[in-house]
Protein chains: 2
Amino acid sequence: MHKDRPRQLSTAEERRETVLRTAIGAFAARGYFGTTTAEVAKAAGISQAYVYRLFPNKELLFVAVVEHCFVQVRASLERAAAEARGGSPEVVLTAMGDAYAKLISNNDLMLIQLHAQAAAVSEPAVREAVRQGYARLVEYVRGASGGSEEQIQTFFAVGMLCHLIVSMGADEVEAPWTRTLTAGITHY
Amino acid sequence: MHKDRPRQLSTAEERRETVLRTAIGAFAARGYFGTTTAEVAKAAGISQAYVYRLFPNKELLFVAVVEHCFVQVRASLERAAAEARGGSPEVVLTAMGDAYAKLISNNDLMLIQLHAQAAAVSEPAVREAVRQGYARLVEYVRGASGGSEEQIQTFFAVGMLCHLIVSMGADEVEAPWTRTLTAGITHY
DNA sequence: TGTGCATGTGAGTACTCAATCAGTCACACC
DNA sequence: GGTGTGACTGATTGAGTACTCACATGCACA
């Protein structure tokens, strides 16, 4: 009925990281308001009570998850930019876009960004995290690619289009309108 | 303590329309999971119980609100297209983009679309409504503008970028990264 | 071997939510 | 004035919800 493997304690810091990693999957489906702290706890394999020892409340937990995602996205773009170093802006941006497409082939990272955007409307701490996340992302892409204002803007506009496609599962529908929206967008 | 203005009855159909109109404002702030049926009822000036006589449940209420928004967006694009009839695809698309910008200068319509996108991930009925909404929108824009696949795609990508800008309030922040994202996007 | 402390939990509390239902009230028509 | 029908509500329910707290348990080190 119940495993007798002796309990293996982690440091609080390790546990916090586990929670950040696993909570992505929990929040990805139903967002900030739709996900319970009990679900987050279950995904991390700890009790719901202990979530509140690791994070002060649900909002700051979600903020930490959102920041964690932005860090991963940035790291992925940095790797891509490093590989394409010295190329034209177009080449670097394409490499970054491709790296992003690979990163989010597991949709959770992208869904968190979508849900963070939605929660940002009413939750000030989330809004601040999203602002900072995109601020750094935009500045990094600008610096690393050397692209024009318009190119940078298009880069992010296409990213947002990806959010739409994934959230409504447009890639599972065969129709002219889905082909129009998804044209030229890499998918892994 | 309590207004004695005699109760004025409406038909159920009128009330349903009132609810659809006022619920937009209620759902705009906190989305599907974050908004209670009591808040929707208050915005419409009716009791929470009566919401359930007008709509079978919360999900279908939200779906009706989302569909109502898509109808409004489409109507707005149709008006713009009619005025720019006979122009080049660029001219028609610009007119449509401008009409959209005007329509959503009250942010609620756009926020509903964002929240609908988020809820579409986990609520099948919402997903279906969002798919149908964009399907019709894409086909309408294609037909009315005669633009290329790429132009249509860009039109919607820019629309999604608007969602990002509004949701995080990027237009209230003065910084290079916000100027890059918002460049050339009309704002009323 | 014991003891101090960080890791971790069971069992709550106080509250909110969607959904229900019995029943009241307005009004059109006789 | 009476009556049938549809509009509308107060009160309630049962299933959660975020968050708390008293207590248990593993482990490093004296």
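A note on names: the letters A, B, ... follow the listed sequences, proteins ahead of strands, and every chain is numbered from 1.
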Figure out the [atom1]/[atom2] separation between [X] and [N], and round it to whole Å.
X	N	atom1	atom2	value
A:Arg16	C:dG8	CZ	C1'	14 Å
A:Phe55	D:dT20	CZ	P	15 Å
B:Glu17	D:dA7	CD	P	14 Å
B:Glu123	C:dA18	CD	C1'	13 Å
B:Tyr50	C:dA19	OH	P	18 Å
A:Leu60	D:dC19	CG	C1'	14 Å
A:Leu54	C:dG8	CG	P	8 Å

Picking from [options], which would you name as closest to the side chain of [X]?
X	options	answer
A:Tyr52	C:dA19, D:dC19, C:dG8	D:dC19
A:Asn57	C:dA19, D:dC8, D:dC19	D:dC19
B:Gln48	C:dT7, D:dC8, C:dT20	C:dT20
B:Arg53	D:dC8, D:dT20, C:dT7	D:dC8
B:Lys58	C:dT7, C:dA18, D:dA18	C:dA18

Quiz item: Pairs in or reaching into residues 151-188 of chain A: which pass ring pair (Phe, Tyr, Trp, His ring centres under 6.0 Å), with residues at least two apart or in two chains?
Solution: none

Exercise. Just grab all the ring pair (Phe, Tyr, Trp, His ring centres under 6.0 Å) pairs involving residues 80-108 of chain B, residues at least two apart or on different chains.
Key: none

Practice problem: May I ask you to list the residues of residues 36-47 of chain A, by number, that have any heavy atom positioned under 4.0 Å from an atom of DNA chain C? | Solution: A:Ile46, A:Ser47

Quiz item: For residues B:Thr180 and A:Glu149, is any side-chain donor paired with an opposing acceptor at under 3.5 Å?
Solution: yes

Practice problem: Looking at every strand, decide which applies to A:Ala49 at a 4.0 Å heavy-atom threshold: base, sugar-phosphate, or nothing. | Solution: base

Could you tabulate the donor-acceptor pairs under 3.5 Å formed by side-chain atoms of residues 76-83 of chain A, not counting sequence neighbours?
none

Mind listing the side-chain donor-acceptor pairs of residues 59-75 of chain B below 3.5 Å, one per line with the distance, residues two or more places apart or on another chain?
residue: B:Glu59; atom: OE2; partner: B:Ala125; partner atom: N; Å: 3.4
residue: B:His68; atom: NE2; partner: B:Gln72; partner atom: OE1; Å: 3.4

Quiz item: Side-chain N or O of A:Arg15 less than 4.0 angstrom from OP1 or OP2 on C:dG8?
Solution: yes

Self-check item: Selection residues 20-44 of chain B - residue pairs positive for side-chain hydrogen bond (donor to acceptor under 3.5 Å, both in side chains), sequence neighbours left out
Solution: B:Thr37-B:Gln48

Quiz item: To the nearest 0.5 Å, what is the distance between CD1 (A:Ile46) and CG (A:Leu54)?
Solution: 5.0 Å

